[in-house]
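In what follows, a single structure is set out as structure tokens and then discussed.
Numbers restart at 1 for each chain; the letters A, B, ... are given by sequence-line order, proteins then strands.
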Amino acid sequence: MQQYDPHAIEPRWQAFWEQSGASNMRSDVNDVNGSPLPNYYALEMFPYPSGDIHMGHVRNYTIGDVISRYKRMCGFNVLHPIGWDSFGLPAENAAIKQGSSPAAWTYENINKQRASLKRLGFSYDWSRTTITSDVDYYRWGQWIFLKLLKMGLVERRNSPVNWCPDCATVLANEQVVGDGVCWRCKSVVQRKELEQWFFKITNYADELLQDLDTLSGWPARVRQMQANWIGKSVGAEVDFCFCKDDDSDACGIANSDTNACGIANENANANTCDGKFFSTASLKSNLEKITVFTTRPDTLFGCSFFLLAPEHPLVRELVCGTKYESDVVKVIESAAAATAVERSSGLREKNGAFTGCYVINPINGAKLPVWVADYILMDYGTGAVMAVPSGDQRDFEFARKYGLPIPPVVISKDDELYSKLAEERQLSITDVSWSEAYAGDGILVQSAQFTGMRGGKDSEGAKAIVAWLEERGLGRSAINFRLRDWLISRQRYWGNPIPVIYCEKCGIVPVPEEELPVRLPLDIDVTKGENLSSRPDFYQTTCPCCLAPARRETDTMDTFTCSSWYYLRYTDPHNSKLPFAREAVDNWMPVDQYIGGIEHAILHLLYSRFFTKALRDAGLLGFSEPFKNLLTQGMVKLNGEVMSKSKGNVVAPEDMISCYGADALRVYILFMAPPDKDLEWSQEGLEGIYRFLTRVWRIVHDLVGGACEDTLYAHHADSKTDEQQKDKAKDIAAATLQRERHRVVGKVSSDIERFNFNTAIAACMELVNAASDYLHLVHPQERLQNTAVNLRDIEVAETIVKLLAPMAPHMAEELWHGVLGHSAEESVLDETWPKFDPSLAVASEIEIVIQLNGKLKTKMMISKDASEDEMRNQALIAIANELEQLKAENKQVRKLVVVPAKLVNVVVN
RNA sequence: GGGAGCGUGGCGGAAUUGGCAUACGCAGUGGACUUAAAAUCCACCGCCGCAAGGCUUGAGGGUUCGAGUCCCUCCGCUCCUACCA
């Protein structure tokens with residue numbers, strides 16, 4: 001027997017798989033009935049080529065490879081592709097640092113990673129490799145951009161955006177993470193007002209949210225995160241009219257003749273915006289009304305002041321030249337200066353200033369002071385808020401700080417004010433003694449004809465008030481989303497050029513489809529700070545409409561646009577007429593199993609869902625969700641810390657392969673933890689797996705018959721002195737091995753289906769242990785001389801090899817061909833997954849447990865088919881002594897609980 | 001503040017529906033083999049106890065014949081999210 005030497009075996013089988021196309025799709029193969037094989041699309045998130053692969057990749061791709069190989073052996077036609085997400089900023093930074101070009105750096109890393117992936121023996125269909133920075137790929141990204149533009153899903157507009165000063169580019173909302181820092185370089189993001197390109201993902205907000213319910217194969221956590229990100233709120237819009245009153249009280253409290261929390265006056269309300277209150281003379285914008293969004297229209301009577309975000313465009317206009325200007329500007333400036341660090345401090349004190357202006361509460365005509373407040377966000381809702389201090393903690397704190405009234409409007413039945421306000425309908429309480437706001441459900445008070453109704457989100461009172469507003473055109477029910485449109489333009493070189501042209505006469509003109517691709521010039525010298533806007537030969541062009549000189553867009557697309565549809569291209573990677581043929585995508589999609597890191601829970605996974613829906617509406621494909629099942633794998637850590645180059649705590653996959661081989665690394669990473677949990681690296685653990693593989697190697701050899709001279713096993717057998725005992729032990733070991741073979745096949749199959757690779761491997765170890773026990777007792781000559789026994793042993797060996805084939809494929813091939821002597825052309829991958837007989841997976845005699853009042857008393861052997869009566873009777877005999885004793889204490893058997901083939905519980909009292 | 005999840009030996013972890021808690025492995029201890037070491041093989045390996053036996057899944061309570069698993073309260077840890085009107 002040769003020693004197990006992964007370094008001799010592995011390159012040989014990698015070459016074999018590549019030459020024979022063993023991992024490619026099998027569209028031409030039929031099943032035994034002549035029908036085409038069912039499809040299975042297994043996909044792992046493709047890598048970004050930043051240096052060589054790391055352990056996270058190994059884990060991700062090993063999981064995907066096991067699933068692919070397993071499904072293939074189960075008779076599926078498996079699509080298992082790989083590619084590279086190769087546009088992006090790190091390439092530019094690395095090129096600047098090394099004095100090379102982004103393209104050179106990128107493709108060098110791709111080659112390095114490709115070699116490593118091959119060294120790990122992953123079963124990719126290399127003929128479908130897709131690299132996003134290849135013009136054959138990105139041209140179709142441009143094509144899709146134009147398609148979405150035509151559909152009205154792309155927009156160029158002025159907007160407050162996130163600017164990363166280090167990356168010198170704008171970022172999407174999703175790319176601002178943690179305490180408001182850039183997702184990539186972690187520098188603090190600034191807010192800027194710029195004209196940029198957006199994908200209108202908000203058009204799909206509702207569908208993106210609703211369809212999460214159809215994704216039962218996704219982790220609940222990811223669905224929850226997406227739902228939170230989309231952030232749907234149901235409520236109402238309410239229109240407030242401006243009222244500029246120069247005589248008003250400077251402190252902002254309503255005049256005594258205007259009841260701030262007054263009862264609705266039907267007559268006055270019908271026309272609150274008459275000349276009496278309303279004067280827009282000094283408002284340049286001539287704005288008459290301002291709309292707010294609220295989730296609590298039921299609290300409208302409790303609105304005692306009105307708030308604007310510091311960034312609200314109206315604010316400066318309102319205070320310009322007034323005595324309020326300096327205080328308001330202070331608030332604006334301090335809010336603008338507040339960095340993300342301050343914003344995240346949680347218990348930040350709220351600051352604001354009175355603007356000198358008033359609005360009219362449409363429900364009761366109350367005159368409300370308009371304040372600017374730094375806790376109002378410009379990019380949520382309308383940037384204006386109706387403040388209800390009794391019902392919202394933030395408004396409450398603000399009101400207390402600035403002495404604004406806090407009239408109760410929705411109160412709990414437990415509140416001492418309840419009887420007075422809700423039952424006796426007493427009115428005019430402008431302040432509460434509460435220490436905090438009451439945001440829960442309750443009863444409406446001080447709300448005119450609505451008093452006494454139930455209040456709360458979507459309550460009777462809320463509906464009635466919205467209906468009242470709707471009738472008069474003063475408000476309407478509304479839904480608001482937290483999701484913003486996706487900002488996709490980047491002021492960077494190494495990306496997909498946005499295919500539009502700016503013409504002085506014609507405006508924004510899309511590049512005509514036949515002129516695609518807009519090629520990214522490769523000779524740009526980023527080390528000299530060049531980018532597309534420093535290259536006239538790139539941007540100088542003529543307008544496709546009027547042929548006048550025009551300028552190309554020099555921004556590129558966010559790299560996330562590239563990764564939003566690569567999984568579609570894999571189904572038809574060489575199509576030169578379209579990004580993909582509809583037939584191909586509809587045949588393969590949605591992806592049956594997608595595997596990747598949780599860090600993409602929102603970014604990539606949300607964008608891809610949006611792309612799928614948009615492309616569906618473009619008629620390019622016929623499904624609504626890209627990924628049917630999603631597995632988010634945990635991280636690989638060392639001493640509790642994420643491995644990273646900057647920390648210098650990286651365990652390099654290449655080093656581990658050089659030492660123990662790819663199979664050991666693969667099996668180790670599967671065995672150490674369930675795939676969705678973090679994995680703590682342990683060198684001893686890897687060595688243990690290497691030992692296990694060595695053991696498998698030897699035991700498979702020995703089962704087949706090569707152990708004649710090996711005395712390892714005989715030694716143990718000889719130590720048994722009693723011949724009869726020895727024979728009995730042999731029989732038991734042989735029977736156990738057969739039973740284990742059936743049990744373990746069942747266990748490994750269901751474990752792989754459920755991605756419990758760690759327990760699948762544990763089960764394989766149990767089978768190997770059973771085989772080892774058997775080999776210790778039965779001498780090789782004894783086994784080889786009996787043909788039936790030898791065949792049975794070979795069957796066990798084949799089972800072990802097949803069960804391990806998805807996880808340790810190189811060793812499996814070597815044993816399959818070398819020791820088990822199968823044909824040289826056929827990969828073990830093309831063998832069928834082993835079957836098992838559940839009835840042979842249990843012994844005829846099984847051990848059951850006898851409990852007394854739920855406590856384990858004894859165990860006994862009983863036939864596996866024993867009836868409940870039989871179990872009951874046997875159990876009573878087994879604990880007869882105890883029962884006798886208890887009888888003496890006047891206790892008797894009250895109940896017998898029988899769980900077939902498991903236990904009997906005797907209940908005595 | 002809000003949301004999600006987790007808590008089992010010295011360590012990684014197992015226990016699919018409520019039914020023998022600690023599978024499998026790592027580390028450790030003893031032994032065989034060896035001139036010796038490594039490798040390999042065998043045995044032991046939750047805690048207390050000399051033993052019989054008792055105790056044990058973060059703590060406490062509940063439901064149940066029976067709870068690591070279900071319910072309630074508390075403690076601890078992790079992740080996400082954060083002034084979302």
Side-chain angles (χ1 to χ4, degrees), chain A residues 177-180 219-225 227-229 231-233 235 292-296 299 307 309 343-348 350 373-377 379-388 391-395 397-398 439 480-482 598-599 601-602 668 671-674 677-689 691-692 694-695 698 710-713 715-716 719 747 750-751 754 756 758-766 768-769 772 776 847-859 894-909:
Chain A
V177 298
D179 299 338
R221 189 154 81 106
V222 175
R223 286 186 290 166
Q224 184 68 52
M225 283 166 77
N228 290 343
W229 185 261
K232 180 178 180 173
S233 298
V292 299
F293 173 77
T294 177
T295 55
R296 294 293 301 273
T299 64
L307 297 169
R343 288 187 62 192
S344 67
S345 66
L347 295 164
R348 210 154 37 96
K350 291 155 182 51
D374 62 359
Y375 67 98
I376 306 304
L377 306 171
D379 51 10
Y380 184 76
T382 61
V385 169
M386 57 173 245
V388 182
D392 181 284
Q393 187 57 26
R394 293 156 300 167
D395 298 345
E397 286 165 23
F398 192 81
N480 198 51
F481 290 95
R482 209 188 83 112
I598 187 84
E599 67 273 16
I602 292 168
Y668 163 74
F671 179 66
M672 276 305 275
K677 295 240 180 82
D678 285 352
L679 183 152
E680 178 63 38
W681 184 264
S682 148
Q683 199 65 28
E684 293 81 11
L686 176 57
E687 282 162 20
I689 290 298
R691 279 201 294 272
F692 166 65
T694 311
R695 203 163 131 86
R698 203 186 54 242
D710 199 325
T711 54
L712 278 176
Y713 303 118
H715 168 78
H716 181 60
S719 69
K747 172 83 177 146
S750 64
D751 279 353
R754 292 182 301 138
N756 291 349
N758 53 335
T759 52
I761 292 164
C764 290
M765 288 170 170
E766 286 172 316
V768 170
N769 290 345
S772 172
H776 274 103
E847 193 180 57
I848 64 160
V849 168
I850 318 292
Q851 293 180 335
L852 186 61
N853 288 344
K855 289 218 159 200
L856 175 73
K857 266 298 149 214
T858 185
K859 298 174 184 181
R894 303 285 174 191
K895 199 171 167 186
L896 282 163
V897 181
V898 179
V899 182
K902 281 237 169 79
L903 64 74
V904 179
N905 187 12
V906 183
V907 184
V908 175
N909 58 29

(request) Side chain of A:S233 only, please: which of B:A85, B:G25, B:A23 is the nearest? (result) B:A85
(request) Could you give the distance separating B:G25 and B:G58 at their C1' atoms, to the nearest angstrom? (result) 25 Å
(request) Ignoring backbone atoms, test whether A:N853 places a side-chain nitrogen or oxygen under 4.0 Å from the OP1 or OP2 oxygen of B:G66. (result) no
(message) Applying the Watson-Crick and G-U wobble criteria at under 3.5 Å, what pairs with B:A82? Answer none if nothing qualifies.
(response) none
(request) Side chain of A:N905 only, please: which of B:C26, B:C65, B:G25 is the nearest? (result) B:C65
(message) With syn defined as a glycosidic angle within 90° of 0 and anti as the rest, where does B:G9 land?
(response) syn
(request) Take A:Q393 and A:E397, measure what side-chain hydrogen bond (donor to acceptor under 3.5 Å, both in side chains) needs, and give me the verdict at the end. (result) CA-CA 6 Å; A:Q393 187 57 26; A:E397 286 165 23; 3.2 Å; yes
(message) Can you identify which nucleotide, out of B:A85, B:G13, B:G66, has its nearest atom closest to the A:T294 side chain?
(response) B:A85
(request) Take atom CZ of A:R221 as the centre, draw a 6.0 Å sphere, and report whether it contains more than 12 heavy atoms from other residues, nucleotides or ligands. (result) no
(request) Answer with base, sugar-phosphate or nothing: what part of the nucleic acid does A:S682 contact at a heavy-atom distance below 4.0 Å? (result) nothing
(message) Counting only side-chain heavy atoms from C-beta out, which of B:A85, B:C26, B:C65 sits nearest to A:V897?
(response) B:C65
(message) When the P atoms of B:G54 and B:A38 are compared, how many Å lie between them, rounded to an integer?
(response) 42 Å
(message) The side chain of A:E684 is closest to which nucleotide in this list: B:A27, B:G19, B:A14?
(response) B:A27
(request) For the side chain of A:R394, starting at C-beta, report the closest nucleotide among B:G19, B:C84, B:A27. (result) B:C84
(request) Give a yes/no on whether any side-chain N or O of A:K859 is located under 4.0 angstrom from OP1 or OP2 of B:C20. (result) no
(request) Give A:N758 one of three labels, base, sugar-phosphate or nothing, depending on what nucleic acid heavy atoms sit under 4.0 Å from its own. (result) sugar-phosphate
(request) Measure from the side-chain heavy atoms of A:V849 and tell me the nearest of B:C20, B:U16, B:A82. (result) B:C20
(request) Using the P atom as the reference point in each nucleotide, state the distance between B:C55 and B:G5 in Å, no decimals. (result) 34 Å
(message) Applying a 4.0 Å non-hydrogen cut-off, can you work out what A:E680 is touching in the nucleic acid: base, sugar-phosphate, or nothing?
(response) nothing
(request) Check whether any side-chain nitrogen or oxygen of A:N769 sits under 4.0 Å from OP1 or OP2 of B:G25, and answer yes or no. (result) yes
(message) Both A:V906 and A:L679 contact RNA chain B. Taking the nearest nucleotide for each, which residue is further toward the 5' end?
(response) A:L679
(message) With a 3.5 Å limit on both atom pairs, tell me what B:U40 is paired to, counting Watson-Crick and G-U wobble, or say none.
(response) B:A32
(request) Could you work out the separation of B:U57 and B:U8 based on their C1' atoms and round it to a whole Å? (result) 4 Å
(request) Identify which nucleotide among B:C65, B:A14, B:U16 has an atom closest to any side-chain atom of A:K895, counting heavy atoms from C-beta outward. (result) B:C65
(message) Measuring from the side chain of A:P674 (C-beta onward, heavy atoms only), which nucleotide among B:A14, B:G12, B:G19 has the closest atom?
(response) B:A14
(request) Give a yes/no answer on whether the side chain of A:R221 brings an N or O atom under 4.0 Å of OP1 or OP2 in B:G3. (result) no
(request) Whole angstrom is fine here: how far is it from CZ in A:R894 over to P in B:U64? (result) 17 Å
(message) Using a heavy-atom cut-off of 4.0 Å across all strands, would you classify A:N480 as base, sugar-phosphate, or nothing?
(response) nothing
(message) Applying the Watson-Crick and G-U wobble criteria at under 3.5 Å, what pairs with B:G7? Answer none if nothing qualifies.
(response) B:C75
(request) Tell me what A:F692 touches on the nucleic acid: a base, only sugar-phosphate, or nothing, going by heavy atoms under 4.0 Å. (result) nothing
(message) Taking the P atom in each of B:A4 and B:G53, what is the distance between them to the nearest angstrom?
(response) 47 Å
(request) Give the nucleotide from the list B:C80, B:C41, B:A85 with an atom nearest to the side chain of A:M225. (result) B:C80
(request) Verify the contact: side-chain N or O of A:R698 to OP1 or OP2 of B:C41, cut-off strictly under 4.0 Å; return yes or no. (result) yes
(request) Could you tell me whether A:E847 contacts a base, only the sugar-phosphate backbone, or nothing, with contacts defined as non-hydrogen atoms closer than 4.0 Å? (result) base
(message) Is there a side-chain contact between A:R695 and the phosphate of B:C24, meaning an N or O under 4.0 Å from OP1 or OP2?
(response) no
(message) Does A:G231 reach a base, just sugar-phosphate, or nothing at all? Heavy atoms under 4.0 Å.
(response) nothing
(message) Please compare A:L856 and A:D678 by the position of their nearest nucleotide in RNA chain B and report the one closer to 5'.
(response) A:D678
(message) Less than 4.0 angstrom between a side-chain N/O of A:K855 and OP1 or OP2 of B:C55, yes or no?
(response) yes
(request) With P as the reference atom in both, quote the distance from B:G13 to B:G1 in angstrom, rounded to an integer. (result) 30 Å
(request) Give a yes/no answer on whether the side chain of A:H776 brings an N or O atom under 4.0 Å of OP1 or OP2 in B:C41. (result) no
(request) Check every strand shown and say whether A:R754 touches a base, only sugar-phosphate, or nothing at a heavy-atom separation below 4.0 Å. (result) base
(message) Using a 4.0 Å heavy-atom cut-off, does A:I376 contact any base of the nucleic acid, only the sugar-phosphate backbone, or nothing at all?
(response) base
